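I have placed the structure first, in the form of structure tokens, so that the comments after it can refer back to it.
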Amino acid sequence: MTDVVALSAAQAARAVERGELDVGELFETYRARAAAEDLNAFLWVADGPPAPAGNGGAADGRPALGGVPLGVKDLFCTAGVPSQAGSRILEGYRPPYTATVVRKLAEAGAPLLGKTNQDEFAMGSSNENSAYGPVLNPWDRTRVPGGSSGGSAAAVAAGLVPWALGTDTGGSIRQPAALCGIVGLKPTYGACSRFGMIAFASSLDQAGPLTRDVTDAALLFRHMVGRDERDSTSVAYPEEVRLPSAERLDGMRLGVPEDLATAEGVEPGVMERFEQTLALARELGASVEQVALPHADYGLSAYYVLAPAEASSNLARFDGVRYGLRVDGDDLLSMYTRTRHDGFGAEVKRRILIGTYALSSGYYDAYYGRAQRVRTKIADDFRAAFERVDLVVTPTSPGVAFELGAKTADPLAMYLNDYFTVPMPLAGIPAISIPCGLSDGLPVGFQLAGPAFSENRILDAAYALEQAIGFDNSPARA
Ligand code: GLN
């Protein structure tokens with residue numbers, strides 16, 4: 001008998017295709033694991049396999065993704081299934097429709113296994129902002145899995161599901177992937193439809209895969225992309241998404257931001273693994289040079305104005321009238337305020353306050369307008385960098401997974417986690433995090449970013465490095 005859980009998603013799909021693995025057994029193996037888990041990674045688990053959803057993609061009628069079950073972050077709307085965005089205000093909300101990417105993946109043969117825990121409305125870097133309690137990191141249960149897609153990352157790392165969907169607004173796919181020792185890809189803005197994703201910051205949000213390896217990320221991403229008439233910011237992906245195969249990096253130019261070596265707050269163990277990975281890249285034929293990203297340092301400040309500004313507007317719809325929680329009041333206004341008082345957690349309220357303030361008429365240009373200009377500068381920096389190098393590389397996160405509770409009292413310390421991940425969504429460009437080794441027994445992530453729609457190049461480079469690194473993520477699945 002094959003050890004089902006030892007197979008990557010691509011391997012499981014192939015085993016099903018060859019008739020070596022029964023698709024029902026595959027689903028049930030993971031369903032049982034997800035239903036019995038004790039990391040608090042899942043908020044809802046399916047009772048059994050869903051009815052077949054079509055044969056999307058395969059010419060011979062067999063679904064391309066082989067029936068390999070999928071974990072889906074709670075904020076993706078899934079028809080008839082709780083979709084709460086980790087918030088009390090949406091407790092028990094079952095939408096009447098399904099997000100485009102989830103539908104596309106189900107049609108391609110990746111049925112929904114369960115909904116994964118997350119920071120409330122995707123605001124956070126540790127999953128401690130979930131109204132449904134924190135998720136534990138399978139590498140060390142006293143530590144956070146990262147956020148906001150912490151449930152998806154922990155579930156994949158622990159082998160509770162073969163692969164999962166997350167969303168990334170400022171790092172929420174890549175940072176939890178790094179902290180859990182798996183792969184996370186944030187696509188180019190517009191590559192995947194946002195229809196049916198409960199919005200945080202609409203000009204930044206993108207859906208993407210969290211997987212055990214780079215091949216699985218490419219396979220899932222390939223079936224997510226495309227123009228959707230229900231999302232006017234989505235575009236047709238300009239080329240076919242290929243499964244990566246590069247063994248070497250000959251001719252590839254990697255750029256390291258020049259102030260990285262002096263950046264404060266990067267843990268020495270993270271820096272060591274990063275340098276080691278650069279050395280491996282050179283052995284594979286890549287050249288490594290420094291690039292200037294003079295405005296990247298302002299990324300966090302701009303992000304923490306823009307994202308809350310957009311969130312304050314997006315979250316205005318949660319008023320007790322149409323969705324989820326309603327707390328009655330003496331009149332309409334008190335019903336609104338009581339519902340929002342009880343329904344939103346502290347971090348969400350903090351963001352609404354910041355965002356509303358930044359958008360208020362007297363301050364609009366001083367904060368929002370200025371942050372938008374910084375955003376343009378950051379995009380320009382990357383454009384200039386990509387004239388000299390193919391990809392920009394950094395550590396994904398300045399540190400490894402931290403102890404639960406270590407940063408909850410200090411929002412600024414929490415926000416610093418996103419230092420290396422916010423510039424890319426601000427510029428709309430894609431980036432991946434792959435595991436590059438351990439520091440004190442905990443996974444470290446290596447980030448590769450490229451120009452818009454360069455996912456094939458990113459995946460190829462990540463794949464070549466992955467083979468050379470040989471990271472073993474099985475301990476987290478024990
Ligand atoms: N940690 C960042 C935040 O709290 C990023 C979140 C995200 O990408 N959704 O906003």
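Here, residue 1 is the first one in the sequence, and each next residue gets the next number. In listed order, ligands and their atoms are each counted from 1. Please read these numbers as outputs of a predicted model, since none were measured by experiment.
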- Query: Taking all atoms of both residues into account, what is the closest heavy-atom pair of R340 and I89, and its distance?
  - Reply: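 Looking at all heavy atoms of both residues, the shortest contact is CA-CD1, 4.2 Å.
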Do Q447 and T394 have side-chain atoms, one donor and one acceptor, less than 3.5 Å apart?
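Result is yes, a qualifying pair exists.
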Any donor-acceptor N or O pair under 3.5 Å, side chains D213, Y463 |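 Note: D213 and Y463 side chains miss the donor-acceptor criterion.
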Partners meeting side chain to side chain donor-acceptor pair (under 3.5 Å) with [X] (sequence neighbours left out):
X	result
R242	none
N40	none
R317	N314

Contacts for ligand 1, heavy atom under 4.0 Å, by chain and number, are A122, M123, G124, S125, S148, D168, T169, G170, G171, S172, F200, Y303, Y304, R351, D418
